[in-house]
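Let me begin by presenting the structure, written as structure tokens, before commenting on it.
Naming: A, B, ... by sequence-line order, numbering from 1 per chain. Every value quoted in this text rests on a predicted model; they were computed, and no experiment measured them.
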2 protein chains.
Amino acid sequence: MSNIRDVAQLAGVSVATVSRALQQPDLVSLKTRTKVLAAVKQVGYKPNLMAVRFRSGKTHHLVVLVPTVANVFFARVISGMQQAAHDKGYSLLLCNTLADETMEQSYARMVHTSQADGLIQLRAHNPFAQLEMKTGSVLPMVNACEVLDRIACPTVLLDNRAAACAMTEHLLELGHKRIAMIKGPARSPLTRDRVAGYRDALDAAGVAFDESLLYPGDFTLQSGHQAATELLALANPPTALFCENDEMAIGAIQAVKQQGLKLPQDISVAGFDDISFAAFADPPLTTIAQPAEEFGSTAVNLLIDLLEGRLTKAPKVILPFELIQRASTGPAPAVSD
Amino acid sequence: MSNIRDVAQLAGVSVATVSRALQQPDLVSLKTRTKVLAAVKQVGYKPNLMAVRFRSGKTHHLVVLVPTVANVFFARVISGMQQAAHDKGYSLLLCNTLADETMEQSYARMVHTSQADGLIQLRAHNPFAQLEMKTGSVLPMVNACEVLDRIACPTVLLDNRAAACAMTEHLLELGHKRIAMIKGPARSPLTRDRVAGYRDALDAAGVAFDESLLYPGDFTLQSGHQAATELLALANPPTALFCENDEMAIGAIQAVKQQGLKLPQDISVAGFDDISFAAFADPPLTTIAQPAEEFGSTAVNLLIDLLEGRLTKAPKVILPFELIQRASTGPAPAVSD
DNA sequence: TATATTGATGTAACCGATATCATTTATAAG
DNA sequence: CTTATAAATGATATCGGTTACATCAATATA
């Protein structure tokens with residue numbers, strides 16, 4: 001590879017002049033600038049970004065911690081991140097944490113070893129409090145999709161409480177009284193918020209909250225299937241299943257059908273996220289649409305703003321949701337008992 | 001951040017000794033080594049990898065060009081890549097090309113500007129022949145999932161022809177004679193191979209090939225839906241739809257149902273990839289299972305072998321497939337005409 | 001004891017760009 | 001025609017490690 005010295009030699013100028021000709025053309029006379037550019041072209045010079053970044057101390061890399069890229073919603077978020085990062089000259093270092101804390105810590109350390117400038121995490125159970133204290137330095141971090149309570153950190157999120165409330169209201173309006181919620185892992189703030197929204201709606205409608213209708217899943221198709229199977233086996237089964245993501249809803253739909261029930265006549269199922277498969281489920285899934293790509297781009301832009309010193313406070317950006325009504329939800333069946 | 005000089009000063013040795021104590025401990029006396037390690041610990045020294053990599057000229061970054069991360073199969077492949085890369089101390093720079101050639105070129109250039117050591121591409125329509133010639137240097141590249149005919153390049157792939165043949169045979173054995181294929185974009189080698197396998201099976205069974213039963217899609221749910229709708233509108237419609245991926249198959253299933261047809265009694269639908277949603281389709285989808293994660297890990301390992309000079313020839317690794325028979329395929333309906 | 005050999009450590013060049021400071025050249029003012 | 005000022009360019013330190021080479025001490029051999 002040709003370097004700046006080759007160009008300087010060919011153009012008959014110093015390396016400083018070459019650098020200036022490329023970085024601050026105004027400081028260089030037209031004549032030399034032309035010479036330099038010609039030389040650059042002739043030797044096919046491309047600045048060694050490794051060197052540039054080493055010198056500047058900025059890697060222009062962003063670590064992205066994602067629990068699992070296999071999740072369709074996350075895939076969309078990542079897609080949005082990618083686009084935004086590329087537009088601003090940054091690259092993404094993708095890290096599939098598999099929800100493993102050791103792995104998360106290991107990846108977060110990339111920021112401290114100058115492999116990346118900052119970090120974005122999706123669905124964080126574990127804020128990097130420990131890590132920060134240990135090193136003493138603050139980790140430039142942005143949180144997406146899930147709030148971190150304990151740490152003031154720029155965040156982009158949905159009003160999960162309001163969204164869950166809206167969906168629950170939708171089901172209540174259809175006459176459902178026994179609405180089960182297939183939620184996420186117990187400790188997740190995201191799940192906590194959605195459960196809160198669910199309860200808000202129940203309370204407002206004067207429907208009693210039943211702990212046994214709350215079933216923890218893990219956002220996979222299988223877990224939705226299992227949850228639905230167990231909920232339907234209850235002595236007094238629910239007439240509606242509100243799932244915290246579409247994968248679980250699609251899994252639940254299969255379980256419901258296997259029990260010989262018809263959707264939405266016998267039971268309603270609702271999801272969350274509006275992944276592409278939602279519209280192709282049978283019946284098509286009623287769900288909450290989230291602007292997934294926008295989550296990604298916003299998170300990236302927030303992080304870049306943070307890194308480049310344009311952020312004074314830690315903003316919380318709230319993106320809008322939309323309830324998409326499809327055929328998987330319908331009027332509650334007539335009471336039989 | 002503390003640097004190697006801080007450590008040297010504290011330990012009362014030269015920077016060279018510190019470096020050696022950490023890199024080649026054998027060259028340093030036990031006494032100094034202990035002193036150095038203590039100093040390292042005390043100041044919390046972490047080598048600046050930016051500097052190390054700049055000096056060595058190796059970034060330990062791998063560019064991954066993926067047409068779209070939103071594709072579930074690719075997401076699994078990426079997951080496998082990630083794991084393998086992490087295990088070997090490499091990181092992935094993820095690039096969502098959206099099948100845009102300019103974008104691909106732009107990302108590929110990252111290798112030439114010392115941002116990455118090598119590149120992996122999935123489903124390449126466009127080998128980087130032009131780019132390579134222009135720069136004169138060879139781009140360390142590995143191809144996954146799709147063969148590149150024109151360039152000798154390490155590749156990990158499926159025997160797509162054999163797999164498509166196997167699935168077609170499966171449908172023929174069920175008595176289907178009019179088997180449509182919802183394929184990928186016309187110019188893709190992957191599609192070409194699968195179509196070849198499809199024809200192999202037809203020829204072997206003495207079933208005439210009908211050009212009108214070949215319908216190009218783009219691997220999305222929507223395109224599967226559209227393809228199926230149009231194929232069913234034919235004067236002499238197919239009794240089986242073999243789709244080149246599961247997304248299109250799931251889209252096709254919906255279209256089929258919308259026509260009032262029953263699966264698999266009236267028509268069979270088969271997919272390719274065995275994504276997680278396949279088993280949760282209604283009816284569950286007969287498909288070809290591919291070891292997606294293994295594709296990813298193999299690709300990464302091939303690239304690292306290439307980069308580290310352990311590869312003399314460009315190997316083609318062929319991974320096994322498995323036909324997963326589920327309920328979406330069944331005996332052909334009795335001939336009515 | 002003198003010399004060869006091995007082991008441990010230090011000095012400094014180096015990777016490729018950027019940026020400070022010094023220096024030269026061109027222009028403006030007196 | 002000087003001198004002051006601005007513009008253009010060059011020489012070089014710097015980022016933080018690694019490594020070739022030099023140096024010096026300790027041990028082995030003659």
*Distance, rounded to the nearest Å, where Arg33(B) contributes CZ and dA8(C) contributes P*: 9 Å

*What is the distance, rounded to the nearest whole Å, between atom CZ of Phe54(A) and atom P of dA17(C)?*
13 Å

_Neighbour count >12 (heavy atoms, 6.0 Å) for atom CD, Gln9(A)_ = no

_Distance under 4.0 Å to a non-hydrogen atom of chain A counts as contact; along DNA chain D, which nucleotides mark the start and end?_
dA8(D) to dG16(D)

*Hey, what do you get for CE (Met110(B)) to CG (Leu49(A)), rounding to the nearest 0.5 Å?*
8.5 Å

*asked:* So which atom in Val7(A) and which in Val18(A) form the shortest heavy-atom distance, rounded to 0.1 Å?
replied: CG1-CG1, 3.8 Å

*Under a 4.0 Å heavy-atom cut-off, which of residues 4-23 of chain A touch DNA chain D?*
Gly12(A), Val13(A), Ser14(A), Val15(A), Ala16(A), Thr17(A), Arg20(A)

*asked:* Tell me the interatomic distance from Met50(B), atom CE, to dC15(C), atom P, rounded to whole angstroms.
replied: 18 Å

*asked:* Taking Val52(B)'s backbone N and O only, do any of them form a donor-acceptor pair with Ser56(B)'s side chain (distance below 3.5 Å, no angle check)?
replied: yes

*Whole angstrom is fine here: how far is it from CD in Gln24(A) over to P in dT18(C)?*
9 Å

*To the nearest Å, how far apart are Asp26(B) CG and dA8(C) P?*
9 Å

*How many Å lie between CZ on Arg55(A) and P on dA19(C), as a whole number?*
6 Å

*Any luck finding a side-chain donor-acceptor pair between Gln115(B) and Arg53(A) under 3.5 Å?*
yes

*asked:* Any base atoms under 4.0 Å from Ser114(B), or only sugar-phosphate, or nothing? Heavy atoms, all strands.
replied: nothing

*Check the angle between the aromatic planes of Phe73(A) and Phe295(A) and answer parallel, tilted or perpendicular using the 30° and 60° thresholds.*
perpendicular

*Whole-Å distance separating the NZ atom of Lys31(B) from the C1' atom of dG7(C)*: 14 Å

_side-chain N/O Asn3(A) vs dG16(C) OP1/OP2, d < 4.0 Å_ = yes

*Checking Thr17(A) side chain against Val13(A) main chain: does a donor-acceptor pair fall under 3.5 Å?*
no

*Any chance you could measure Arg76(B), atom CZ, to Thr68(A), atom OG1, to the nearest 0.5 Å?*
11.0 Å

*asked:* With each end axis built from five pairs of C1' atoms, what bend angle do you get for the helix from dT1(C)-dA30(D) to dG30(C)-dC1(D)? Round to 10°.
replied: 50°

_If I compare all heavy atoms of Leu94(A) with all of Gln82(B), which pair ends up nearest, and what's the gap?_
O-NE2, 2.7 Å

*Reckon Ser56(B) touches a base, only the sugar-phosphate, or nothing at all at heavy-atom distances under 4.0 Å?*
nothing

